[in-house]
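Before any comments, here is the structure.
In what follows, residues are counted from 1 in the order of the sequence shown.
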Amino acid sequence: MLGLPLPRKLRVLIKRSKLCSSPLNGLLSISALCAGIYFIVFSKLMRMASDTQVFKYDREEIFLSGGLQKDVADNMSQFDTAIQQYWQAAMEHGYFRYNLTKPASRVLPGPMKFIALHNVDRGKLRRPPEAFTHIQQPFDWDKFHFGKVKHREVLMKLLPHIRWIQSETHEDHEYFNDVLINDSPIEFAHVLLVPHRGMTDGSPQIVSEYGLRLAVDLLLLSSHRNWFVVFNSLCAFASVNHQHYQAMYSPSPLPVQAWETVLVCNSLYRLSDTYHSFAFVVSWRGNGDQFALDILRVLKVLVANGIAHNLVLVRGESVSSILYRNMLVPRALIFPRKHFVGKKQQSSEFNVAALELAGMLVMYGDDAEFESMTEAKAKPHFADSQLNKSVLDGLMQEVVAEFNSTAEEHPLPSS
């Protein structure tokens, strides 16, 4: 039933039930057998749940360490140590679809400083992705979702000290925020954050307030400059319609950490026109919850307009020359883009999803394609995903109106 070996006591119980002669004794034996099976399975599942590491943290403490001093931005936090140890143990136990050796990577010459990363195994061996036609497709229990993953793929459960949830109890959240392995990893410690994985009402791949705050926490829990978090919407190269965020370490600092920005209003910026793609940029104001709500103001507009999008959370250069000098501080980049409709195929070069928009080009082709990739060859891939100027101008007007609004309501409902 669950792939669990039958214990000796249960085998004896089954054997005895076969020896019963009278209907009454047989009925009692069957009842005892069912009770025994229930007890064994329940006990096994409880032991499995208790084996998973629960990582507890105080959200106010990680907000204080939101910025990293540049000279110590390669240090390891308690979270870094834990996630790396658990992930490496899972790799050694063979829980992944392939054994990830350190992928070859190189920085492409040019002002963009793209990182090309070669990972042939992911292109060949990953789970076939689903096809999507719009960004708000309902959750489908019959399709693959993260409630179906094996227990061994759960690395840890995040348990924040939650002060921003008033209507739900502590117990409601204690075992639902799972950090899973990505069983087809791109890079070292490639994981998935699945908020409320155990809830009975499935969450489609749309950013929720609760999920985004956890994703911001996931970024802040690390003290390493190369740790980052991303989200792909449906029709923007998401593979599964179940709310999840990806996180990993890049082989070197992501180019997007240093890309220049232009002030729009308040904490809202945009990428400079010198770069390959348009992006809204949300700056850090010293508080993770405010950071998340500012991001949600942008996402509210994109979702309302049915615009596919990619989100990147990373620590980078401060957008201000005065605040956070000599520090790497959180920044969020939201890339509105053309819909990709249908089933995601692995390009022989690369697909344009959140990682690629952040400057890390994950390539699946042969060695010759990897070695011959240049910045000039990469740029046309991004042009194909860009919305036209009139659409971007309209989105900008709506987003600015959101940031200038004095309404105190949450931009998106919690879920």
Side-chain angles (χ1 to χ4, degrees), residues 87 91 96-110 112-130 180-193 205 226-240 244-257 259 275-277 279 308-314 333 335 337 340 343-386:
W87 191 90
M91 179 62 69
F96 295 80
R97 291 175 179 261
Y98 48 86
N99 185 34
L100 181 73
T101 55
K102 186 173 180 58
S105 63
R106 63 190 186 91
V107 177
L108 304 184
M112 304 295 293
K113 305 296 182 186
F114 286 137
I115 303 169
L117 186 143
H118 199 202
N119 189 327
V120 177
D121 285 337
R122 179 175 168 87
K124 293 179 178 179
L125 302 175
R126 66 170 301 177
R127 179 189 302 107
E130 296 177 33
L180 316 176
I181 64 170
N182 186 318
D183 66 359
S184 302
I186 292 174
E187 248 293 0
F188 177 67
H190 186 181
V191 298
L192 305 173
L193 169 65
Q205 182 66 345
N226 292 1
W227 177 255
F228 64 97
V229 181
V230 299
F231 174 91
N232 297 317
S233 80
L234 301 186
C235 301
F237 287 99
S239 297
V240 180
H244 66 284
Y245 305 78
Q246 301 183 62
M248 70 192 81
Y249 297 92
S250 59
S252 56
L254 285 175
V256 76
Q257 293 174 257
W259 287 345
Y275 298 110
H276 59 297
S277 300
H309 50 277
N310 306 97
L311 167 67
V312 178
L313 303 176
V314 67
L333 296 98
F335 296 86
R337 42 96 52 77
F340 178 87
K343 185 174 292 188
K344 177 169 69 173
Q345 302 293 331
Q346 301 294 5
S347 165
S348 62
E349 292 185 336
F350 63 88
N351 294 316
V352 178
L355 285 179
E356 290 72 22
L357 289 164
M360 189 163 83
L361 316 182
V362 184
M363 302 186 64
Y364 306 105
D366 57 28
D367 291 345
E369 288 181 331
F370 172 69
E371 294 296 339
S372 64
M373 177 55 64
T374 64
E375 187 173 293
K377 289 177 66 175
K379 284 185 175 181
H381 289 267
F382 296 102
D384 292 341
S385 69
Q386 289 299 288

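The closest side-chain heavy-atom distance from Pro185 to Trp87 is below 4.5 Å. Side-chain atoms of Leu333 and Leu357, non-hydrogen and from C-beta on, never get closer than 4.5 Å to each other. Tyr364 places none of its side-chain heavy atoms less than 4.5 Å from the side chain of Glu369. Proximity of Met360 to Pro251: side-chain heavy atoms (C-beta onward) are separated by under 4.5 Å at one or more points. Asn226 is not listed as a side-chain neighbour of Met248, based on a closest heavy-atom distance of 4.5 Å or more. The side-chain heavy atoms of Glu187 and Ser250, taken from C-beta on, include no pair separated by under 4.5 Å. Looking at heavy atoms from C-beta onward, Asn119 lies in side-chain contact with Leu100 at the 4.5 angstrom threshold.
Checking side-chain atoms of Tyr275 against main-chain N and O of Met112 turns up no donor-acceptor pair under 3.5 Å. Within the 3.5 Å criterion, the main-chain N or O of Ala368 finds a donor-acceptor partner in the side chain of Asp366. For the pair Ser233 (side chain) and His309 (backbone), a donor-acceptor distance under 3.5 Å is present.
Here the OH atom belonging to Tyr245 is positioned 9.0 Å from the CG atom belonging to Leu313, to the nearest 0.5 angstrom. Atoms CZ and NE2, from Arg106 and His118 in turn, are 10.5 Å apart once rounded to the nearest 0.5 Å. How far CZ of Arg127 is from OG of Ser239: 8.5 Å, rounded to the nearest 0.5 Å.
A donor-acceptor contact under 3.5 angstrom links the side chains of Ser277 and Gln386, judged on distance only. In this structure, a donor-acceptor pair under 3.5 Å is absent between the side chains of Glu356 and His381.
Shown are Val191, Leu193, Leu180, Leu192; of these, the side chain to side chain contact (heavy atoms under 4.5 Å, CB included) with His244 is made only by Leu192. Under the side-chain hydrogen bond (donor to acceptor under 3.5 Å, both in side chains) test applied with Asp183, the options Arg126, Arg97, His190 reduce to a single match, Arg97.
Of all heavy-atom pairs between Ile115 and Ser252, the closest is CD1-OG, 3.3 Å. Of all non-hydrogen atoms in Ala354 and Asn310, the two that sit nearest each other are N-ND2, 3.5 Å. Across every non-hydrogen atom of Arg337 and Ala353, the tightest pair is NH1-CA, 4.4 Å. When all heavy atoms of Ala104 and Phe370 are compared, the closest pair comes out as O-CZ, 3.8 Å. The heavy-atom pair separating Ala247 from Trp227 by the smallest distance is CB-CZ2, 3.5 Å. The heavy-atom pair separating Gly359 from Pro255 by the smallest distance is O-CG, 3.6 Å.
Remark: aromatic rings of Phe382 and Phe114 are close, center separation under 6.0 Å.
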Exercise. Going through the distances and angles, do Leu117 and Leu355 end up as a side-chain contact (heavy atoms from CB on, under 4.5 Å)?
Worked result: CA-CA 11 Å; Leu117 186 143; Leu355 285 179; over 6 Å; no

For this session: Evaluate side-chain contact (heavy atoms from CB on, under 4.5 Å) for Asn182 paired with Arg122, printing each intermediate quantity in order.
Result: CA-CA 11 Å; Asn182 186 318; Arg122 179 175 168 87; 3.8 Å; yes

Exercise. side-chain contact (heavy atoms from CB on, under 4.5 Å) between Lys124 and Tyr98: does it pass, once the steps are laid out?
Worked result: CA-CA 10 Å; Lys124 293 179 178 179; Tyr98 48 86; over 6 Å; no

Exercise. Val314 and Val256: side-chain contact (heavy atoms from CB on, under 4.5 Å), yes or no, with the steps?
Worked result: CA-CA 8 Å; Val314 67; Val256 76; 4.1 Å; yes

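Using cut-offs of 30° and 60° on the angle between ring planes, the pair Trp259 and His276 is perpendicular.
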